[in-house]
Amino acid sequence: LGKRRYPGFELAPPFEFLGRLVAGFFFLVYGARGSGKSTWTLGLARALVELAPLVYVSGEEDHGPTLSMRIRRMDAGHPDFHVALWTERGAAAVLEVVDRTGAKFVVVDSATRIDPSSKKVQELWAALKARNVALIAIGHATQTGLPKVGGTFLEHEVHTLVRVEK
């Protein structure tokens with residue numbers, strides 16, 4: 001196994017510490033409220049969109065001025081950077097955008113707000129896995145500093161945890 005090369009995505013600084021990201025990976029970015037999770041993840045999304053199309057799913061913010069301002073501030077505007085709003089249609093609405101754009105990455109901001117224990121999020125992850133699309137989800141931390149992901153579903157599916165601190 002040590003000599004095998006797996007296809008994947010190489011990231012440029014400052015994200016190279018994540019190593020080679022294989023297609024269909026799932027990692028959870030978590031931390032306390034106000035720690036910069038969304039900002040850090042938007043920076044990561046900006047790096048990922050240079051490699052392949054990406055869908056940023058907004059669960060906390062709508063398509064309004066806050067998200068637009070953050071995208072401009074982070075210079076994340078890119079022809080392959082697509083924004084979708086989490087609606088009551090859940091996974092179906094997101095997957096329509098994924099299929100239309102050929103996205104290889106989906107960022108969900110925030111999984112905690114969307115309720116990761118819900119059947120809709122589980123359906124989204126199953127559909128993304130089947131399409132070999134990577135999922136980056138943002139979650140909050142408990143008072144003890146552990147990831148708060150709403151049940152055991154995501155805990156058992158996550159490949160990597162990234163904790164963001166102030």
> Taking only residues two or more places apart in sequence or in another chain, which ones pass side-chain contact (heavy atoms from CB on, under 4.5 Å) with Ser35?
Replying inline: Lys37, Val164, Lys166
> Considering residues at least two apart in sequence or located in another chain, which fulfil the side-chain contact (heavy atoms from CB on, under 4.5 Å) criterion with Ala92?
Replying inline: Arg89
> Got a second to check how far Arg73's CZ is from Thr39's OG1, nearest 0.5 Å?
Replying inline: 5.0 Å
>> Working to the nearest 0.5 angstrom, can you tell me the gap between Glu165 CD and Tyr30 OH?
In response: 8.0 Å
>> Go through it in stages, so that I can follow the logic: the residues are Val106 and Tyr56, the test is side chain to side chain contact (heavy atoms under 4.5 Å, CB included), and I'd like the CA-CA distance, side-chain angles, deciding distance and then a yes or no.
In response: CA-CA 6 Å; Val106 171; Tyr56 187 96; over 6 Å; no
>> If we check side chain to side chain contact (heavy atoms under 4.5 Å, CB included) with Val107, which of these qualifies: Leu54, Val55, Val57?
In response: Leu54
>> Under the side chain to side chain contact (heavy atoms under 4.5 Å, CB included) test against Ile136, which residue among Leu28, Leu48, Asp109, Val162 passes?
In response: Leu48
> Restricting to pairs with a member in residues 40-58, which pass salt bridge (charged side-chain N to carboxylate O under 4.0 Å, His left out), not counting sequence neighbours?
Replying inline: Arg46-Glu50
> Yes or no on side chain to side chain contact (heavy atoms under 4.5 Å, CB included) for Arg70 and Leu42, after CA distance, side-chain angles and deciding distance?
Replying inline: CA-CA 8 Å; Arg70 183 178 288 157; Leu42 190 55; 3.2 Å; yes
>> Looking at every non-hydrogen atom in both residues, tell me the closest pair between Gly102 and Pro53 and how far apart they are.
In response: O-CG, 3.9 Å
> How close do Val133 and Ala103 get, heavy atom to heavy atom, and via which atoms?
Replying inline: CG2-O, 3.4 Å
> Does the side chain to side chain contact (heavy atoms under 4.5 Å, CB included) test come out yes or no for Val108 and Ile138, once each step is laid out?
Replying inline: CA-CA 6 Å; Val108 176; Ile138 298 174; over 6 Å; no
Donor-acceptor contacts under 3.5 Å from residues 77-84 side chains, at least two apart:
from, atom 1, to, atom 2, distance (Å)
His78, ND1, Asp80, N, 3.0

> side chain to side chain donor-acceptor pair (under 3.5 Å) with Asp99: which residues, sequence neighbours excluded?
Replying inline: Arg131
>> When you compare the side chain of Phe26 with that of Leu128, does any pair of heavy atoms fall below 4.5 Å?
In response: no
>> Just so I know, are the side chains of Phe25 and Phe105 near enough to count as touching, which here means a heavy-atom distance under 4.5 Å?
In response: yes
